[in-house]
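Just so we're clear, the structure is a prediction, and the values are computed from it rather than from any experiment. Naming convention: chains lettered A, B, ... in sequence-line order (proteins, then strands); numbering from 1 in each chain.
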Amino acid sequence: MTGRIIGITGPTVTVDLADLKLYDRLKVGHGGLQGEVVRLASDHAVVQVYEETKGLGVGEPAQPLGVPLSVRLGPGLMGQVYDGLQRPLPLMGEKFGPFIRPGCELPSLPEDSTWLFTPLKKAGDRIEAGGALGFVRENSFDHYIFAQTGGVISTIALGEINLQTPVATLEDTTLLHPAHDWPIRTPRPFRRKLPPTSPLITGQRVLDFFFPLSLGGTAIIPGGFGTGKTILEQAIAKHAAVDVVVYVGCGERGNEMAEMLEEFASLNDPWSGRPLAERTIMVANTSNMSVAAREASIYTAVSMAEYYRDMGCHVLLLADSISRWAEALREVSSALEEMPGEEGYPTYLASRLSGYFSRAGVVETINGKMGSLSMILSVSPPGGDFTEPTTQACLRASGAFYMLDTSLAHRRHFPAINWVQSYSLYAEDVDKHFSEAVSPAWATLKQKGLALLQKEEKLREVSEIVGAEELQDEDHLLLHTAGELRDRFLCQNSFSDDGFSTPEQTVRLMDLIVRQYEEATTRLAQGEELSVLLKEMQ
Amino acid sequence: MRLAEYRYSTLQGIRSQLLFVGQVEAVRMGEVVRVIAPDGHELEGEVLTVHKNDVLIQVFGECRGLDIQNTTVVFTDAIKQTPLSPTMLNRVFSGSMHPLDNKPMFVPDRWWPTGGFPLNPTLRESPREFIETGISAIDGLTTLVKGQKLPIFSCAGLPSRQMVADILKYSRTPQGNFVVIFVALGLTHHDYAFYMRTLEELNTHYVAIVNLASDSVLERLLAPRFGLTVAEYFAFQHGMDALAVVTDMTNYCDALREISSAREELPGRRGYPGYMYSDLALLFERAGRIKGRPGSVTMLPVVTMPEDDITHPIPDLTGYITEGQIVLSREMHQQGIYPPIDVLPSLSRLMQHGIGEGLTRKDHRTVANDLYRQYARGRDLRGLAAIVGREGMTETDRRILDFCDGFEKEFVHHQVGRRSVLETLDLGKELLARYTPP
């Protein structure tokens with residue numbers, strides 16, 4: 001069944017096909033551009049095309065594929081760089097040259113590579129859908145192969161397999177393949193969700209200590225341009241204590257992406273000492289690539305992340321930036337002539353976003369393992385105005401809020417996280433864990449640190465009015481300590497060795513600063529000179 | 001491929017620069033059309049949307065004089081392409097790529113699609129190496145790097161025109177193989193004459209594409225695309241370092257808004273269309289380098305901030321796409337400092353890759369950091385000095401204040417001509433030494 005194109009408006013194409021399903025994939029035009037059905041009528045369908053429609057002609061063919069937009073999941077994902085439609089970018093470059101032209105397509109996984117398969121089941125065993133048949137070694141960890149349908153196994157492979165041959169057959173002759181397609185907009189199933197309690201260590205002192213994230217938690221990083229969102233996201237991608245990182249460059253700069261790819265190829269994971277590329281999947285849909293594919297990119301990424309979560313991994317999904325996704329949603333919506341909500345965004349922006357955030361969490365997988373999917377998403381509010389719809393919708397759905405401050409960034413204080421406005425709803429649970437596992441003084445030190453910073457803020461206001469000379473000696477001491485706290489603790493240069501700090505190092509540094517301050521306060525009370533004390537503290 | 005051109009006289013409506021044509025067969029999206037007016041003059045246009053046999057066309061040019069009965073539309077079956085040839089160097093073209101310098105049109109060596117294609121991020125070479133602009137505040141503190149896009153945020157009434165001219169005149173790379181692509185959008189005749197004089201005096205290779213204020217608004221959207229295709233051609237076909245200077249992007253965005261509202265699209269912030277970010281990204285992201293190939297495209301767009309407001313959608317979206325910004329300040333201009341660059345909010349995100357040993361000089365980073373830090377402290381102290389007075393301040397603070405003045409008057413300000421980056425660094429060091437207590 002092939003149809004014809006009857007209309008084209010920007011990225012949306014009308015075809016004269018009727019018996020399609022909503023969100024089914026299509027190929028349109030002689031070039032075979034990829035698209036997705038977004039609207040159906042009795043005699044035509046509207047298709048959102050993921051590639052440039054320039055040159056597409058009315059009357060050209062439209063070929064339905066009968067499946068929704070999907071990602072291919074199987075061994076070989078790790079270390080890959082994909083675009084928003086899961087096309088392998090390095091291979092595309094080799095095959096088609098440096099520029100991405102419409103209609104180029106290649107398989108997402110290396111279909112001919114071989115893997116060493118260790119079965120966990122044997123012939124005659126019963127398996128449920130989603131159960132693990134066995135595993136292959138992918139870099140440093142076990143990549144489980146899941147059964148797509150349940151039943152009784154009649155044959156199962158052993159040793160070398162590739163992606164094209166079935167890995168097992170069921171008694172009802174169903175073939176089970178090592179790789180499968182998953183519709184990106186459907187969350188992958190699990191047995192149950194568990195409350196998030198253990199910390200996700202990011203290696204960033206200000207986050208881990210003051211605003212900790214938990215495994216399975218969600219955080220947003222909003223900030224105007226130049227506040228260091230991307231650098232922070234990349235630093236977390238490099239240093240986070242997780243098994244798998246999925247990084248989405250969603251509508252951001254190409255040069256930044258290139259730099260990150262270069263860096264990731266050369267750096268090691270600080271926890272395992274193995275190359276970062278071995279635990280990272282990148283989705284790069286830069287701002288000049290297709291807008292509709294940008295909208296799909298975050299779903300492509302989360303599906304891959306859920307797939308590794310189902311193997312019992314702790315997965316961190318980083319997206320830079322979710323605002324670009326929301327803008328893509330707005331563009332697509334306005335091309336469909338939908339009724340706009342606030343600032344032109346479609347009214348379903350908030351529900352889509354909260355639906356997306358709820359794909360995070362700690363779960364018990366179908367195989368009875370514990371896996372988690374955490375998210376840290378950056379937000380780029382226009383004009384740095386946090387009242388705009390995307391930031392507000394994200395705020396309602398996320399568990400932690402890391403606000404980037406333009407004035408801190410101007411002072412070259414990085415990461416420019418505002419310690420007054422930021423918060424984490426996971427702090428209570430996670431602090432308990434830190435107090436037990438790292439240092440019993442964790443919670444007290446945190447209180448003292450925050451109190452110091454708050455007092456400093458008040459003192460600065462006072463000193464601006466009366467002048468610094470009028471302040472008491474203990475105030476000078478406090479200002480000095482707070483300065484130390486800012487420069488040595490809160491600031492962290494992600495381009496140096498200091499870019500990464502373990503919780504032990506973090507708490508030791510905080511302890512040092514607080515102890516110095518307390519000792520100095522006592523000695524000051526005993527009548528020692530301020531200038532002597534300040535000199536000693538330096 | 002059609003064997004003949006199709007001609008239609010089935011116009012159904014005209015609305016500003018949009019034509020509605022009915023009963024059209026087999027038309028392509030983005031197809032170039034020629035519109036022949038009743039009096040015989042021709043306009044160019046492009047297919048915007050198609051629904052069944054009805055086609056919407058946008059016309060590059062003034063639709064005055066067109067009518068429904070006698071206007072003919074010719075469909076050419078081609079997508080907008082840019083004619084390219086090495087002989088384009090040192091020539092001036094209009095926003096539709098017609099020669100403006102009274103010389104005949106060149107013979108194209110090849111045609112490339114004007115819209116360009118996205119560069120595969122895995123084949124991007126991350127920007128390295130440095131471009132000397134000859135302006136100390138840029139070269140020293142917000143260094144421009146090959147493959148970067150770095151906008152100049154100006155305000156109405158500031159000498160951005162003079163600055164663009166200086167950058168055109170003084171920019172060069174250590175390697176030499178350099179070409180500037182000058183794209184002017186919505187230029188007044190007064191400015192046009194000024195820039196033409198500048199171009200005549202230029203020692204480097206250039207290609208100029210000029211859209212005048214009186215020219216078509218749609219052409220204003222096309223001109224930077226032509227310019228960038230030309231830049232890509234010289235960069236990736238001929239291995240040159242191309243610097244595209246585009247002035248003024250505010251006119252581009254206003255043209256985008258005008259066209260968007262003519263198409264009855266939903267307006268976003270301040271009436272600019274919701275896709276402005278993506279549209280600007282399609283232009284700015286064409287800056288870059290390709291792995292394993294010589295040549296680079298660097299972009300230096302000028303944005304005049306409406307009402308001096310950096311949070312206005314145009315500078316805001318630009319800042320989100322570009323890799324830093326150079327901000328001009330009205331206050332410094334009033335103090336007679338030229339170029340009036342405020343280095344505090346200015347930033348080049350890729351600077352660290354373009355400076356240091358082998359590129360500029362080993363101590364570039366330290367000098368730049370020291371200058372920035374001292375100047376930032378000085379500016380803070382100025383606020384204090386205004387309250388307590390200079391006399392109420394310590395000796396050290398007074399020195400920093402003096403440094404602050406010296407930095408603006410001697411380093412940021414250019415009495416005459418260009419400074420090489422080494423002269424800039426020497427000057428910076430000398431200033432630091434002069435005002436640092438022994």
Tell me, do [X] and [Y] make a side-chain contact under 4.5 Å, heavy atoms counted?
| X | Y | result |
| --- | --- | --- |
| K54(A) | K80(B) | no |
| T311(B) | D385(A) | no |
| Y277(B) | S287(A) | yes |
| Y275(B) | V291(A) | no |

Heavy-atom neighbours of Q23(B) CD exceed 12 at 6.0 Å: no
More than 12 heavy atoms from other groups under 6.0 Å of CD on E337(A): no
Spacing of OG belonging to S126(B) relative to CD belonging to E256(A), to within rounding of 0.5 Å: 11.5 Å
Distance, nearest 0.5 Å, that separates OG1 of T122(B) from CG of L261(A): 7.0 Å
Do you know which two heavy atoms are closest between [X] and [Y], and how far apart they sit?
| X | Y | value |
| --- | --- | --- |
| T9(A) | M29(B) | C-CE, 4.2 Å |
| E285(B) | G254(A) | OE1-N, 3.0 Å |
| F117(B) | I100(A) | CB-O, 3.7 Å |
| F225(A) | R349(B) | C-NH2, 4.0 Å |
| L282(B) | N288(A) | CD2-O, 3.3 Å |
| P121(B) | M257(A) | CB-CG, 4.2 Å |

Which of N53(B), I321(B), L347(B) touches chain A most, by non-hydrogen pairs under 4.5 Å: I321(B)
Top of K52(B), E46(B), H51(B) for chain A proximity - count of heavy-atom pairs under 4.5 angstrom: K52(B)
Residues that T280(A) engages under side chain to side chain donor-acceptor pair (under 3.5 Å), provided they are two or more places apart: none
[X]-[Y] side chain donor-acceptor pair, cut-off 3.5 Å:
| X | Y | answer |
| --- | --- | --- |
| N255(A) | R124(B) | yes |
| T322(B) | R253(A) | no |
| S278(B) | E331(A) | yes |

Heavy-atom distance under 4.5 Å to chain A: side chain of [X], backbone, both or neither?
| X | answer |
| --- | --- |
| H353(B) | side chain |
| S346(B) | backbone |
| R263(B) | neither |
| F236(B) | side chain |
| R286(B) | neither |
| I79(B) | side chain |
| I387(B) | neither |
| P273(B) | neither |

Per-residue contact mode, [X] against chain B (heavy atom under 4.5 angstrom):
| X | answer |
| --- | --- |
| R4(A) | neither |
| R411(A) | neither |
| P381(A) | both |
| E252(A) | both |
| L89(A) | both |
| E338(A) | backbone |
| E327(A) | side chain |

Those residues of residues 372-381 of chain B, ordered by number, that approach chain A below 4.5 Å (heavy atom to heavy atom): Y372(B)
Contact list for residues 316-325 of chain B, test salt bridge (Lys or Arg N to Asp or Glu O under 4.0 Å), sequence neighbours left out: K149(B)-E323(B), R269(B)-D316(B)
R28(B) side chain to G55(A) backbone, donor-acceptor under 3.5 Å: yes
Among [options], which residue forms the greatest number of heavy-atom pairs with chain B at distances under 4.5 Å?
| options | result |
| --- | --- |
| G344(A), S321(A), P90(A), G226(A) | P90(A) |
| A284(A), S290(A), G57(A) | G57(A) |
| R101(A), E343(A), H410(A), M289(A) | R101(A) |
| A328(A), G249(A), G224(A), A335(A) | G224(A) |
| S334(A), G59(A), P340(A), G384(A) | P340(A) |

Axial cation check for Y320(B) ring with R324(A), 6.0 Å and 45° limits: yes
Contacts of L123(B) that satisfy side-chain contact (heavy atoms from CB on, under 4.5 Å) - sequence neighbours left out: P98(A), N120(B)
